[in-house]
*Asks:* 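Sharing a structure here in structure tokens format.
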Amino acid sequence: MALREQGRAGFDTPSTPTSSTGERVYPPKPVSEMRKKGIYPSVVSLPRDLSNLASELGAFPFDADTSRFTVRYFVENGALNSLSPEERSNVEQYIEGIVKLEGDGEAFQDCSVIYMGKNSQSRRTTSELFKTEIATELRVFSSKSPEKKYDYSDFTFREISSHDKVDPKIIDQYEELYKAFGWNRDQVTQILQNPTSILIGAFEGDRLVSSGMAERAEFDIERNGVPHKFVMYEITEAATNIDYRGRGIYSKIARNLLKALANTDTDLVYGECNAQSPAVLQASHSLGRTSSIQALAEFGFPPKLLEQHVRIAAGPNDLRPITEKNDLLPTYMTRNKLLQYANEN
Ligand SMILES: CC(C)(COP(=O)(O)OP(=O)(O)OC[C@H]1O[C@@H](n2cnc3c(N)ncnc32)[C@H](O)[C@@H]1OP(=O)(O)O)[C@@H](O)C(=O)NCCC(=O)NCCS
């Protein structure tokens, strides 16, 4: 997810890209919210190469328009498991998340996607907030909450059709709902009209009360000189009208999205969850997505988050300074698990 840039003059200027998945581009290039973002184009198979890439990230310069770098790398698990102590500590200072691709059914089964990032001094999360967010994540992802029963009789759930996407009444309602992400009307229209995204909305009568979206990205990653296709969908832009929260509406949207995604050729479904939202973490856990913190632990890394990645407004009572952003937790499901989920539900 991405929202408006905080202009240097102190007011919001619209960011051009509304895409959240990011592009396969390296070195990282400017995106919204004073970030440079990228995906490294080939599989990293040697621990030394990963450490060198960490050093390269460390050397990228901040400037007046860039206070964060965020890059994803496809890395062989063997390389992650055989880092020397020096290489490990070099990587550890930048690593922010791991998504294991085991079960993607394709060329990267023995690889993981590593998030590395760095922020300028003015864009840091306090250690108190970080500890609270990690404690919430550990509590949510270790819980075994029984499936809850909700009454959905007042609502209809449906995929947003191509007709809906150009209907001014629907666009108006999305504009209202997506205020949490800072999107303006043009950006909302652009999001709705992305032909490869799947959107599901919940309606009370004609009123849109909640929505979730799966945004597709497809690119090649080179391995031993051969390009391999990789398809991923990011579950993003989760928003429920504040008066309708806590009624299981988003959970049902997320379930329906997973079922729709099982009919695609995706290798990976993931989300970057607002670490301050127990509801989004809980929904992601209940749906069987794995937390990146678990994957980090499997490779011997401490808990980490995508630090101050984007701002997600918590509603009218969100009194944080406008420059303060949210830490995000990647959670994910590879293809085999997705198909199993769709079979069982
Ligand atoms: C996140 C958000 C979309 C959730 O919408 P919602 O319709 O209220 O969600 P649900 O009622 O379906 O709840 C989702 C899960 O969280 C649980 N939950 C809800 N509120 C909770 C709370 N305050 N604390 C802990 N768990 C909570 C529910 O029990 C449900 O669990 P289940 O899947 O096991 O049944 C909504 O809070 C929102 O719009 N937040 C602002 C924008 C935002 O942060 N988006 C997320 C971006 S990553």
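As the structure lists them, so they are numbered: ligands from 1, and atoms in each ligand from 1. Throughout, residue positions are numbered sequentially from 1 according to the sequence presented. It should be emphasised that the depicted structure is a prediction, and the values quoted were computed from it without experimental measurement.
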*Asks:* Looking only at the side chains, is there a donor atom on one of Glu215 and Thr236 sitting less than 3.5 Å from an acceptor on the other?
*Replies:*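 No donor-acceptor contact under 3.5 Å links the two side chains.
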
*Asks:* Is it true that Asp164 and Arg158 make a salt bridge, defined as a side-chain N closer than 4.0 Å to a carboxylate O?
*Replies:*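 Arg158 and Asp164: salt-bridged.
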
*Asks:* Can you find an N or O of Tyr244 that's nearer than 3.5 Å to an N or O of ligand 1?
*Replies:*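 No; the residue has no nitrogen or oxygen that sits under 3.5 Å from a nitrogen or oxygen of the ligand.
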
*Asks:* Please list, in number order, the atoms of ligand 1 under 4.0 Å from a heavy atom of Ser286.
*Replies:*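 Matching atoms, with element in brackets: 32 (P), 33 (O), 34 (O).
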
*Asks:* Quick one: does Val280 get an N or O within less than 3.5 Å of an N or O on ligand 1?
*Replies:*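 For ligand 1, there is no N or O atom that lies under 3.5 Å from one belonging to Val280.
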
*Asks:* Do you know which of Glu96, Lys325, Arg68 makes side chain to side chain donor-acceptor pair (under 3.5 Å) with His309?
*Replies:*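 Testing each of Glu96, Lys325, Arg68 against His309, the sole residue satisfying side chain to side chain donor-acceptor pair (under 3.5 Å) is Arg68.
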
*Asks:* Counting only heavy atoms, which portion of Ala279 has something under 4.0 Å from ligand 1: side chain, backbone, both, or neither?
*Replies:*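 The answer is both.
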
*Asks:* Pick whichever of Ala254, Pro278, Ser211 has a heavy atom sitting closest to atom 26 (N) of ligand 1.
*Replies:*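 Among Ala254, Pro278, Ser211, the closest heavy atom to atom 26 (N) of ligand 1 belongs to Pro278.
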
*Asks:* Does one side chain, of Tyr115 or Glu272, offer a donor that lies under 3.5 Å from an acceptor on the other?
*Replies:*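 Yes, side-chain donor-acceptor contact under 3.5 Å.
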
*Asks:* Kindly confirm or rule out a cation-pi arrangement of Lys118 over Phe62, judged by NZ or CZ under 6.0 Å from the six-membered ring centre and within 45° of its axis?
*Replies:*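 So Lys118 does make the cation-pi contact.
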
*Asks:* Does Lys148 approach ligand 1 within less than 4.0 angstrom via side chain, backbone, both or neither, non-hydrogen atoms only?
*Replies:*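 Only the side chain of Lys148 comes within reach of ligand 1.
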
*Asks:* As a check for students: among Ala238, Gly248, Ser143, Gly271, identify the option with a heavy atom nearest to atom 46 (C) of ligand 1.
*Replies:*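 The nearest heavy atom belongs to Ala238.
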
*Asks:* Do other residues, nucleotides or ligands put more than 12 heavy atoms under 6.0 Å from the CD atom of Gln193?
*Replies:*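 Yes, CD of Gln193 has more than 12 neighbouring heavy atoms, counting only those of other groups under 6.0 Å.
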
*Asks:* Closer than 4.0 angstrom: is that true for some heavy atom of Ala239 and an atom of ligand 1?
*Replies:*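 Ala239: in contact with ligand 1 (<4.0 Å).
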
*Asks:* So, are Lys36 and Asp63 salt-bridged, with charged N and O less than 4.0 Å apart?
*Replies:*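 Yes, Lys36 and Asp63 are salt-bridged.
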
*Asks:* Hey, is Glu237 touching ligand 1 through its side chain, its backbone, both or neither, going by heavy atoms under 4.0 Å?
*Replies:*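 The answer is neither.
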
*Asks:* Only heavy atoms count here, so choose which of Arg255, Arg139, Gln282 is nearest to atom 31 (O) of ligand 1.
*Replies:*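 It is Gln282 that holds the nearest heavy atom.
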
*Asks:* State if Glu272 counts as touching ligand 1 under the rule of any non-hydrogen atom under 4.0 Å.
*Replies:*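 In this structure, Glu272 qualifies as a contact of ligand 1 - some heavy atom is under 4.0 Å.
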
*Asks:* Looking at non-hydrogen atoms alone, which of Ile312, Asn241, Thr331 comes nearest to atom 47 (C) of ligand 1?
*Replies:*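 Nearest heavy atom to atom 47 (C) of ligand 1 lies in Ile312.
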
*Asks:* More than 12 heavy atoms of other residues, nucleotides or ligands under 6.0 Å from CZ of Arg48: yes or no?
*Replies:*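 Not buried by this count: 12 neighbours or fewer within 6.0 Å.
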
*Asks:* Any nitrogen or oxygen of Gly246, main chain or side chain, under 3.5 Å from a nitrogen or oxygen of ligand 1?
*Replies:*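 Between Gly246 and ligand 1 (N or O atoms, distance only) the closest approach is under 3.5 Å.
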
*Asks:* Determine whether the side chain, the backbone, both or neither of Arg247 has a heavy atom under 4.0 Å from any heavy atom of ligand 1.
*Replies:*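 Arg247 to ligand 1: backbone contact only, side chain stays beyond 4.0 Å.
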
*Asks:* Of the side chain and backbone of Ser277, name the one, both, or neither that has a heavy atom under 4.0 Å from an atom of ligand 1.
*Replies:*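 For Ser277, only side-chain atoms sit under 4.0 Å from ligand 1.
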
*Asks:* Does a salt bridge link Lys100 with Glu298, judged by any charged N lying under 4.0 Å from a carboxylate O?
*Replies:*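 Yes, charged N to carboxylate O under 4.0 Å.
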
*Asks:* Select the closest option to atom 44 (O) of ligand 1 among Asn326, Leu329, Asn274, judged by heavy-atom distance.
*Replies:*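 Comparing heavy atoms across Asn326, Leu329, Asn274, the nearest one to atom 44 (O) of ligand 1 lies in Asn274.
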
*Asks:* Among Ser251, Ser210, Ser284, Ala275, which residue places a heavy atom closest to atom 13 (O) of ligand 1?
*Replies:*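 Comparing heavy atoms across Ser251, Ser210, Ser284, Ala275, the nearest one to atom 13 (O) of ligand 1 lies in Ser251.
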
*Asks:* For Glu137, which of Ser291, Ser142, Ser292 qualifies under side chain to side chain donor-acceptor pair (under 3.5 Å)?
*Replies:*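 Only match with Glu137 under side chain to side chain donor-acceptor pair (under 3.5 Å): Ser291.
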
*Asks:* Consider only side-chain N and O atoms of Ser211 and Tyr174, and report whether a donor and an acceptor are under 3.5 Å apart.
*Replies:*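 On atom types as modelled, these side chains qualify, holding a pair under 3.5 Å.
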
